[in-house]
There are 2 protein chains.
Amino acid sequence: MATQLDQITQNLREILLEGEYEPGEALREVAVAERLGVSRTLVRLAMGALEQEGLLNRAPNKGFRVRLFTIDEVAGAIEVRGELEALAARNAAEKGIPKTLQDRLRAILSEAEVLVETGLGDLEARTRWIDLNTAFHAGIVEGAGNQSLGPAIDHICRIPLASPRAIVFDRTQPDRNVEQVRAANADHVQILDAIVNRQGMRAACLIREHAYRSGRNKRTNFDALQQARPLPALPGLALVRRGSSN
Amino acid sequence: MATQLDQITQNLREILLEGEYEPGEALREVAVAERLGVSRTLVRLAMGALEQEGLLNRAPNKGFRVRLFTIDEVAGAIEVRGELEALAARNAAEKGIPKTLQDRLRAILSEAEVLVETGLGDLEARTRWIDLNTAFHAGIVEGAGNQSLGPAIDHICRIPLASPRAIVFDRTQPDRNVEQVRAANADHVQILDAIVNRQGMRAACLIREHAYRSGRNKRTNFDALQQARPLPALPGLALVRRGSSN
DNA sequence: TTGACGCAATATGCATGCAATTTTTGGCGA
DNA sequence: TCGCCAAAAATTGCATGCATATTGCGTCAA
């Protein structure tokens with residue numbers, strides 16, 4: 001048990017990302033404490049951490065409220081992530097990445113390509129692809145050899161939907177999903193090629209565009225989903241609403 | 001009083017940045033609580049926040065330890081900051097900044113130039129210049145119009161010495177300081193010029209180089225200072241800071 | 001009817017206390 | 001002298017309790 005606090009924080013984080021509380025809603029300590037079965041102190045600790053992550057806002061003597069994320073903020077966050085990943089790709093290309101990392105990334109790409117041919121019909125396949133996608137992006141960052149870069153990207157990825165892990169699958173249009181994922185795979189191949197060939201600028205531009213496209217896909221799929229079902233249950237989605245009234 | 005917690009957190013943050021505790025040293029709750037004159041609970045809350053900021057590490061059942069920053073991490077953080085500010089400058093240039101912001105930035109540059117001519121002999125002048133420098137950088141970010149960018153830069157700036165606010169003045173060589181600051185002012189003028197003329201790429205490259213140079217200066221001055229008087233820890237000491245932002 | 005004042009209910013902010021875990025210490029034997 | 005083990009001391013993890021701030025409601029007056 002890695003301290004109860006970590007578990008509680010993770011629980012509360014998931015609850016928030018599930019959209020169980022409305023954006024702007026006040027989180028009363030006692031209610032949350034009872035629900036999670038722990039003391040108020042622990043809940044307060046967890047809320048403090050989530051405030052740092054940006055999921056909650058705190059007003060002095062008025063407790064914590066669920067933070068509101070606008071679609072523009074998400075788009076901005078993805079742009080920031082793209083820029084940081086571009087820096088990572090450029091650095092990785094300029095200094096060169098070790099053979100072991102190359103092999104790992106190639107293996108990831110191979111498996112991802114095989115996976116897409118299955119059509120991504122079942123949840124397990126989609127989950128696996130997301131893991132591979134995440135691992136690829138992490139690998140690029142690892143190749144950059146900049147210790148500050150990883151945490152910075154992690155931080156920006158805490159904004160709902162900003163992470164490369166937060167793929168929105170619109171299951172009403174599976175063909176489009178497959179097409180998007182296939183395109184992402186193709187991007188990855190080009191990016192790795194650029195890095196291996198020490199083409200820093202090319203790698204940077206490719207990954208920046210890759211992030212941009214991913215953001216656009218998210219927006220498209222999200223809009224489609226919201227039209228089909230007013231309250232989607234996918235993690236993170238319910239936090240995104242239009243019209244920021246602060 | 002904006003809740004005691006904020007004050008305690010700020011106090012502890014300053015204590016850590018001053019380098020009063022050795023990197024890697026364990027922070028015992030009771031000792032810190034007594035020193036700050038508050039309860040352990042509050043200290044624990046503050047430490048949790050500082051862990052999120054990256055100033056402390058936490059090991060389960062073993063409390064918090066002062067995090068160690070290497071010179072490479074600082075260099076990496078400055079590179080990240082440069083990249084983010086480059087994004088900000090590029091966006092600001094591409095979308096254009098309002099006249100009011102232009103005027104504010106020009107006023108900042110004017111005052112900074114006048115200030116440098118005084119030679120930055122006294123602490124007050126140096127502090128004022130740091131404030132102006134910070135305000136200029138913040139203004140660029142404001143002009144980008146990306147809500148996620150500011151927090152991302154704030155986050156990376158929490159690494160000691162990574163912030164544009166954290167200028168290292170080597171008072172054993174005042175002439176070199178003045179030269180560096182004069183060069184920084186000149187950079188600022190060019191950057192603003194590029195933004196106003198909607199030259200996104202030029203602005204981005206200029207500010208990236210500006211960050212790079214600032215990092216190099218910090219290293220040079222820091223090394224010189226350390227040679228003059230051997231310093232135990234990296235954070236703090238030569239760091240000229242000014243009360244809490246916000 | 002409406003607005004203001006005040007009291008009660010409720011929620012947060014912080015301190016203290018207790019249990020569990022870790023670290024230190026002291027003693028014993030090889 | 002060194003290593004090992006157990007008990008004691010110290011330290012963290014968490015729950016509870018009290019003080020203070022806020023919110024909601026009822027009452028009264030204009």
Side-chain angles (χ1 to χ4, degrees), chain A residues 1-16 19-68 239 245-246, chain B residues 1-16 19-68 233 243-246:
Chain A
M1 171 161 92
T3 75
Q4 217 169 328
L5 170 59
D6 295 329
Q7 293 180 12
I8 294 299
T9 305
Q10 180 59 22
N11 282 353
L12 190 52
R13 184 186 294 120
E14 285 173 4
I15 287 175
L16 292 173
E20 246 173 274
Y21 293 89
E22 288 295 310
E25 182 178 352
L27 284 185
R28 276 163 305 128
E29 294 179 357
V30 282
V32 176
E34 280 179 11
R35 160 159 193 181
L36 296 177
V38 293
S39 74
R40 287 200 303 120
T41 302
L42 215 44
V43 169
R44 171 180 292 269
L45 258 327
M47 287 193 191
L50 295 177
E51 184 205 5
Q52 292 290 325
E53 289 188 12
L55 258 50
L56 294 177
N57 281 333
R58 188 168 76 88
N61 292 318
K62 291 170 84 173
F64 296 87
R65 309 190 86 87
V66 179
R67 164 137 173 233
L68 194 87
L239 275 176
S245 60
N246 199 19
Chain B
M1 164 161 101
T3 74
Q4 216 169 326
L5 171 59
D6 295 329
Q7 294 181 12
I8 295 299
T9 306
Q10 179 61 19
N11 281 353
L12 190 52
R13 185 185 293 121
E14 285 174 5
I15 287 175
L16 292 173
E20 245 174 275
Y21 292 90
E22 292 292 314
E25 182 177 353
L27 283 185
R28 277 164 303 127
E29 295 179 358
V30 281
V32 175
E34 279 179 12
R35 161 158 191 180
L36 296 177
V38 293
S39 74
R40 286 200 304 122
T41 302
L42 215 44
V43 169
R44 171 179 292 270
L45 259 326
M47 288 198 203
L50 295 177
E51 183 204 5
Q52 292 290 325
E53 290 187 12
L55 257 51
L56 295 177
N57 282 334
R58 186 168 77 89
N61 291 319
K62 292 169 83 174
F64 296 87
R65 307 190 87 87
V66 180
R67 166 140 172 230
L68 189 89
S244 64
S245 48
N246 306 10

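Naming convention: chains lettered A, B, ... in sequence-line order (proteins, then strands); numbering from 1 in each chain.
In this structure, A:Glu53 CD and A:Thr9 OG1 are separated by 8.0 Å, a value rounded to the nearest 0.5 Å. Remark: A:Gln4 CD to A:Leu45 CG distance equals 11.0 Å, nearest 0.5 Å. Atom CG in B:Leu36 sits 5.0 Å away from atom CD1 in B:Ile8 (nearest 0.5 Å). In this structure, CG on B:Asn57 lies 9.5 Å from CZ on B:Arg65, to the nearest 0.5 angstrom. Interatomic distance, A:Phe64 CZ to A:Leu12 CG, rounded to the nearest 0.5 Å: 10.0 Å.
Note: CG (B:Leu42) to P (C:dT12) measures 17 Å, nearest angstrom. The distance between atom CD of B:Glu34 and atom P of D:dT12, rounded to the nearest whole Å, is 12 Å. Rounded to whole Å, atom C1' of C:dT12 lies 10 Å from atom CZ of A:Phe64.
For B:Glu29, the side-chain contact (heavy atoms from CB on, under 4.5 Å) test picks out B:Arg40, B:Arg44, B:Met47, with sequence neighbours left out. Residues satisfying the side-chain contact (heavy atoms from CB on, under 4.5 Å) test with A:Arg28, not counting sequence neighbours, are A:Ala31. Looking at residues two or more places apart in sequence or on another chain, you find a side-chain hydrogen bond (donor to acceptor under 3.5 Å, both in side chains) between A:Gln10 and A:Arg13, A:Glu14. By the side-chain contact (heavy atoms from CB on, under 4.5 Å) test, A:Glu25 is found to be paired with A:Tyr21, A:Glu22, residues two or more places apart in sequence or in another chain being considered. With sequence neighbours excluded, no residue forms a salt bridge (Lys or Arg N to Asp or Glu O under 4.0 Å) with A:Glu34.
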Sugar-phosphate atoms are those with a prime plus P, OP1 and OP2; base atoms are the rest. Using that split, label each nucleotide of nucleotides 17-23 of chain D B, S or - for protein heavy atoms under 4.0 Å, 5' to 3'.
B---SSS
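For the segment residues 44-53 of chain B, the set of residues with a heavy atom within less than 4.0 Å of an atom of DNA chain C is empty.
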Quick test: give all pairs of protein nitrogen or oxygen and nucleotides 8-11 of chain D nitrogen or oxygen below 3.5 Å, distance rounded to 0.1 Å.
residue, atom, partner, partner atom, Å
D:dT11, OP1, B:Arg28, NH1, 3.0

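Taking side-chain N and O atoms only, A:Gln4 has a distance below 4.0 Å to OP1 or OP2 of D:dC14.
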